[in-house]
Engineer: 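Structure provided below as structure tokens; questions to follow.
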Protein chains: 2
Amino acid sequence: MSALRRTSRPVYQQIADELRDAISGDGIGPDGRLPTEAELVERYGVTRGTVRQALAVLVNEGLVVSDRPRGYFVRRRRHMTYRPQQELLVTDGAPAMDRFHRSVAEEGRTPSQTIDVSIVVPPREIATRLRLNAGETAAVRRRVRSIDGEPFNINDSYYPLSIVQGSEIVLPHDIARGANRVLAELGHRQVGLRHHLISRMPTPSERHRLQLSPGTPVTVHYLTGYTAEGIPVRAVENVLPGDRHEVLIEDGQVPPDNESST
Amino acid sequence: MSALRRTSRPVYQQIADELRDAISGDGIGPDGRLPTEAELVERYGVTRGTVRQALAVLVNEGLVVSDRPRGYFVRRRRHMTYRPQQELLVTDGAPAMDRFHRSVAEEGRTPSQTIDVSIVVPPREIATRLRLNAGETAAVRRRVRSIDGEPFNINDSYYPLSIVQGSEIVLPHDIARGANRVLAELGHRQVGLRHHLISRMPTPSERHRLQLSPGTPVTVHYLTGYTAEGIPVRAVENVLPGDRHEVLIEDGQVPPDNESST
DNA sequence: TAGTGGTCTAGACCACCAG
DNA sequence: TGGTGGTCTAGACCACTAA
């Protein structure tokens, strides 16, 4: 039993600190197992409640995950690179799903996606960006992309109904040549994009849809596509789990790199 | 006492759900106060431990903050727009601190910053981006920007020592014309930038330096500046609290917007 | 000084799943 | 079926601060 100083710092914080140090140091590696609650109770001479408080700290920091009834484990990060520029502007490049598909397959894993199309009154963030009036509807293509059957990110694309009504954008199928191309054919070619990125904790619904562990924030990527006339014709809400994504943006003249892309 | 169904869903989750609904609905507005723990104990007929479990859920979602001994309050978000493009490429625009200063002052608030310069072996993320060998040192300018005396973000800029040795970049003062300009004068003009953005929970050190409440993730923005020869001459680690920042990036031809900038 | 949330104890029963 | 973590009870003492 390693003695805990009776400083002002709460006991559960001291326990959390020692475990955190063991994780960032060489004590417990990625995917490594932490001591059981019972072991910690004995080691520190405290009750289970206190031990659980310490573990909750690490869980909420995203360092540790509890996999009942196996125990607590150190989380491993695995970042896929997300390139909003590639993904979005190129009307004549490969469409987004193709690139996702290819880059995942390159790693020997299996990509998939679900598509669901509907007509809705969009949330405020979207309505504002599309300059819709209160109550005005839009077409939305909701996608969940998965890798090896596990959800990876959420991609909801909204289009003003007046523009896409009757086109294949409102059909619940993948659009092989890309929705951007279809918009262009309808006379609404996008020439500019505005990206908004915010970081927050997921909503319960997002946590459920993306099967996020506690302590995992999301990056929400709002994208607005404008025509040459400055009219917004597309607004996307992309929800990217922080433990699976990094966003890469290049500006000006940069040397080539060697990362996988999504 | 409102009855709780005895479904499989844990009681503390049901309490958290009801409080969350009250917050997202019209029940409790921003800065509004939640019932006290004692009130919740009575209302739901459970012990304080269970009530505290429910409140912890909301705190870790970033929805609620405990301000002892006043009570629990609904958090308010206040986003400042961060524009990595403006901030960084323009060798001949206003330097970053100037823009931060101006946009904060425009809101009638008081900006400030601390600068601290030292020679260090940089962390892995930086060393890799600067293509330094193991153990090689770099000059770092560490800044904490504050608004009304409260820390707002962390901005640590690293430069290869071989390049900036003896220049004013290694002096602990603000550089009025901008560090980019100085680099250019030294013959290392940047013509390209690579931005990496990741979202994660803060480290204990970051939580302390930025005075973050529980449930607040950070966006970490890594920036690498390259010369025309493709040589990295600057690597920045920017830590942006998720409850205070949104990142804005524009690509191609977009209509003007009306936001404050940082 | 009264009331708030923060910490900690000592116990109980449960669901789940690898052995 | 044994051991894991998940949930919940019933209490205690404490530090802080607004009234």
Side-chain angles (χ1 to χ4, degrees), chain A residues 1-19 28 31-60 63-75 204 207-208 211 213-215, chain B residues 1-19 28 31-60 63-75 204 207-208 211 213-215:
Chain A
M1 176 193 323
S2 77
L4 289 178
R5 290 142 275 151
R6 37 171 51 257
T7 64
S8 59
R9 189 159 176 77
V11 174
Y12 78 91
Q13 289 283 4
Q14 298 182 44
I15 299 175
D17 290 345
E18 290 198 9
L19 291 172
I28 314 175
D31 290 327
R33 187 182 160 172
L34 271 66
T36 67
E37 293 182 353
E39 284 165 351
L40 293 171
V41 163
E42 199 194 2
R43 179 191 304 181
Y44 292 106
V46 296
T47 58
R48 189 154 81 104
T50 303
V51 161
R52 284 179 62 78
Q53 244 183 310
L55 290 165
V57 168
L58 302 178
V59 167
N60 287 317
L63 292 179
V64 156
V65 64
S66 151
D67 182 7
R68 192 174 58 147
R70 296 201 305 128
Y72 290 89
F73 294 84
V74 176
R75 286 181 65 176
R207 211 167 35 246
H208 176 254
Q211 297 178 12
S213 335
Chain B
M1 174 193 327
S2 77
L4 290 178
R5 288 141 275 152
R6 36 171 53 259
T7 64
S8 59
R9 188 159 177 77
V11 173
Y12 78 91
Q13 290 283 5
Q14 299 182 45
I15 298 176
D17 291 346
E18 291 197 9
L19 291 173
I28 315 176
D31 290 326
R33 187 183 159 170
L34 271 67
T36 66
E37 293 181 354
E39 284 165 352
L40 293 171
V41 162
E42 200 196 0
R43 179 190 304 179
Y44 292 106
V46 296
T47 58
R48 189 153 82 104
T50 303
V51 161
R52 282 180 62 79
Q53 245 182 311
L55 290 165
V57 169
L58 302 178
V59 167
N60 287 318
L63 292 180
V64 156
V65 65
S66 151
D67 182 6
R68 189 174 62 146
R70 296 201 306 129
Y72 290 89
F73 294 84
V74 176
R75 285 179 68 176
R207 213 169 31 247
H208 177 253
Q211 297 179 15
S213 337

Engineer: Answer yes or no: side-chain N or O of B:Arg68 and base N or O of C:dG3 forming a donor-acceptor pair under 3.5 Å.
Structural biologist: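 Not at all, since no donor on one side and acceptor on the other fall under 3.5 Å apart.
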
Engineer: Looking at D:dT9, C:dT9, D:dG5, which one has an atom nearest to any side-chain atom of A:Thr36?
Structural biologist: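 The answer is D:dG5, which lies nearest to the side chain.
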
Engineer: Nearest to the side chain of A:Tyr72, heavy atoms from C-beta on, is which of C:dC17, D:dG6, C:dG3?
Structural biologist: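 Selected nucleotide (nearest to the side chain): D:dG6.
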
Engineer: Please find the pair of heavy atoms, one from B:Val51 and one from B:Val41, that lie closest to each other, and give the distance.
Structural biologist: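 In terms of heavy atoms, the two residues are closest at CG2-N, 3.7 Å.
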
Engineer: I'd like to know if B:Arg48 reaches the base of C:dT7 with its side chain such that a donor and an acceptor end up less than 3.5 angstrom apart.
Structural biologist: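 Answer is yes: a donor-acceptor pair is held.
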
Engineer: Specify the separation, in whole Å, of atom CG of B:Leu40 and atom C1' of C:dG5.
Structural biologist: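 Nearest whole value for this atom pair: 12 Å.
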
Engineer: Could you state the atom-to-atom distance from OH of B:Tyr44 to P of D:dA10 in whole Å?
Structural biologist: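 Taking OH of B:Tyr44 and P of D:dA10, I get 19 Å after rounding.
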
Engineer: Taking atom C1' of C:dA15 as reference, at what distance in whole Å does atom CD of B:Gln13 sit?
Structural biologist: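 Roughly 16 Å, once rounded to whole Å.
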
Engineer: Contact class for B:Thr47 vs. all strands (heavy atom < 4.0 Å): base, sugar-phosphate, or nothing?
Structural biologist: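 Base, at least one base heavy atom under 4.0 Å.
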
Engineer: Between B:Ser66 and C:dG6, is there a side-chain N or O to OP1/OP2 distance below 4.0 Å?
Structural biologist: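 Yes, within the criterion.
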
Engineer: Rounded to whole Å, please give me the gap between CZ in A:Arg52 and P in D:dG6.
Structural biologist: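 In whole Å, D:dG6 P lies 5 Å from A:Arg52 CZ.
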
Engineer: A:Leu19 and side-chain contact (heavy atoms from CB on, under 4.5 Å): which partner among A:Leu40, A:Val57, A:Val64, A:Leu63?
Structural biologist: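 Exactly one pass, corresponding to A:Leu40.
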
Engineer: Separation of B:Gln14 atom CD from D:dT7 atom P, in whole Å?
Structural biologist: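 B:Gln14 atom CD is separated from D:dT7 atom P by 12 Å.
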
Engineer: Taking CG from A:Asp67 and P from D:dT4, how many angstroms apart are they, rounded to a whole number?
Structural biologist: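 So the CG-P distance, A:Asp67 to D:dT4, works out to 14 Å.
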
Engineer: Under the 3.5 angstrom rule, does the side chain of A:Glu39 hit a backbone N or O of A:Thr36 as a donor-acceptor pair?
Structural biologist: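 Looks like yes, one N/O pair under 3.5 Å.
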
Engineer: Rounded to whole Å, please give me the gap between CD1 in B:Ile15 and P in D:dT9.
Structural biologist: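 B:Ile15 atom CD1 is separated from D:dT9 atom P by 8 Å.
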
Engineer: Atom CD of B:Glu37 to atom P of D:dC16: distance rounded to whole Å?
Structural biologist: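 Answer to the nearest Å: 17 Å.
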
Engineer: If I compare all heavy atoms of B:Arg33 with all of B:Ile28, which pair ends up nearest, and what's the gap?
Structural biologist: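 That closest heavy-atom pairing would be O-CG2, 3.9 Å.
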
Engineer: Could you report the tightest heavy-atom contact between A:Asp17 and A:Arg9, atom names first, then the distance?
Structural biologist: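 Scanning both residues completely, I find the closest heavy atoms to be OD2-NE, 2.9 Å.
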
Engineer: Find which nucleotide of DNA chain C each of A:Arg70 and A:Gln53 is nearest to by heavy atoms, and output the residue with the more 5' nucleotide.
Structural biologist: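 By nearest-heavy-atom nucleotide position, the 5'-most residue is A:Gln53.
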
Engineer: Does B:Tyr12 make a side-chain N or O approach to OP1 or OP2 of D:dT7 shorter than 4.0 Å?
Structural biologist: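 Affirmative; the distance criterion is met.
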
